[in-house]
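Here the structure is laid out as C-alpha cells; the discussion comes afterwards.
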Amino acid sequence: MDMKPLLPPITVNGVTIPAERIAAEAQNHPAPKGKPGLAWKAAARALALREILLQEARARGLAPDPTELSPGRWETEEEALIRQLLDQAITPEAADEAALRAIYDRTPDRFQI
C-alpha cells in the first residue's frame, strides 16, 4: 500500500521537486517546536529558488566550472552553475570607505576579533 505524502511535491517550470527531497532539505531549516510545516515551506522555497537559478544558468548556456573551496573540497556542478550565474548577473557596488567607516564608528563592538 502506497502512502501519500502529507504535503505535495512542488513544480518549477515543469520540473517536479519530490516531497522526499523537500523533506530531506527541511532538516536544514529550523522551525518552532510543533510547527514542522514552517521548515517544510522554507525547504520548498529554497529548493524552488535553486531550481530557478539552475534553469537560468542552463538557459544562458553556462557550463559548470567548479572551484576548490578549500584543500580537497570542491563545489558541486550545480553550485558552480549558480555561482557563475550570480557572478554574471550581479555587479556589486564599489565599497565606499567613508560609509564603511561610519558603520564601524557607530558599532565598533560588532567588528572585534
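Please read these numbers as outputs of a predicted model, since none were measured by experiment.
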Review point. Do side-chain atoms of E75 reach the backbone of T67 as a donor and acceptor pair under 3.5 angstrom?
Key: yes
Review point. Between Q88 and Q84, do the side chains contain an N or O donor and an N or O acceptor separated by less than 3.5 Å?
Key: no
Practice item. Taking E56 for its side chain and L53 for its backbone only, find out whether a donor-acceptor pair lies under 3.5 Å. Key: no
Practice item. Step through the shown structure and confirm whether more than 12 heavy atoms of other residues, nucleotides or ligands are within 6.0 Å of CD on E97. Key: no
Exercise for review: Give the minimum heavy-atom separation between P108 and R106, together with the two atoms involved.
Suggested key: CD-C, 3.6 Å
Check your understanding: Can you check whether T11 reaches I17 side chain to side chain, under 4.5 Å on heavy atoms?
Key -> no
Point to revise | Side-chain donor or acceptor of R50 paired with backbone N/O of I82 under 3.5 Å | key: no
Review point. Just by modelled atom types, is the R110 backbone N or O under 3.5 Å from a matching donor or acceptor in the T107 side chain?
Key: no
Review point. Hey, are the side chains of I22 and W40 touching, using non-hydrogen atoms and a 4.5 Å cut-off?
Key: yes
Practice item. May I have the step-by-step check of side-chain contact (heavy atoms from CB on, under 4.5 Å) for H29 and K41, ending in yes or no? Key: CA-CA 9 Å; H29 299 271; K41 286 180 183 178; over 6 Å; no
Practice item. Indicate, with yes or no, if I90 and L62 share a hydrophobic cluster defined by side-chain heavy-atom contacts under 4.5 Å among Ile, Leu, Val, Met, Phe, Trp and Tyr. Key: yes
Check your understanding: Is a side-chain donor or acceptor of E51 paired with a backbone partner of Q55 at a separation under 3.5 angstrom?
Key -> no
Practice item. May I ask you to test the E77-P66 pair for a side-chain heavy-atom distance under 4.5 Å? Key: yes
Review point. Side-chain contact, heavy-atom cut-off 4.5 Å: I10 with T16?
Key: no
Practice item. Find out if a path of hydrophobic residues (ILVMFWY) with successive side-chain heavy-atom gaps under 4.5 Å connects L47 to L54. Key: no
Review point. Got a second to check how far D65's CG is from L81's CG, nearest 0.5 Å?
Key: 10.0 Å
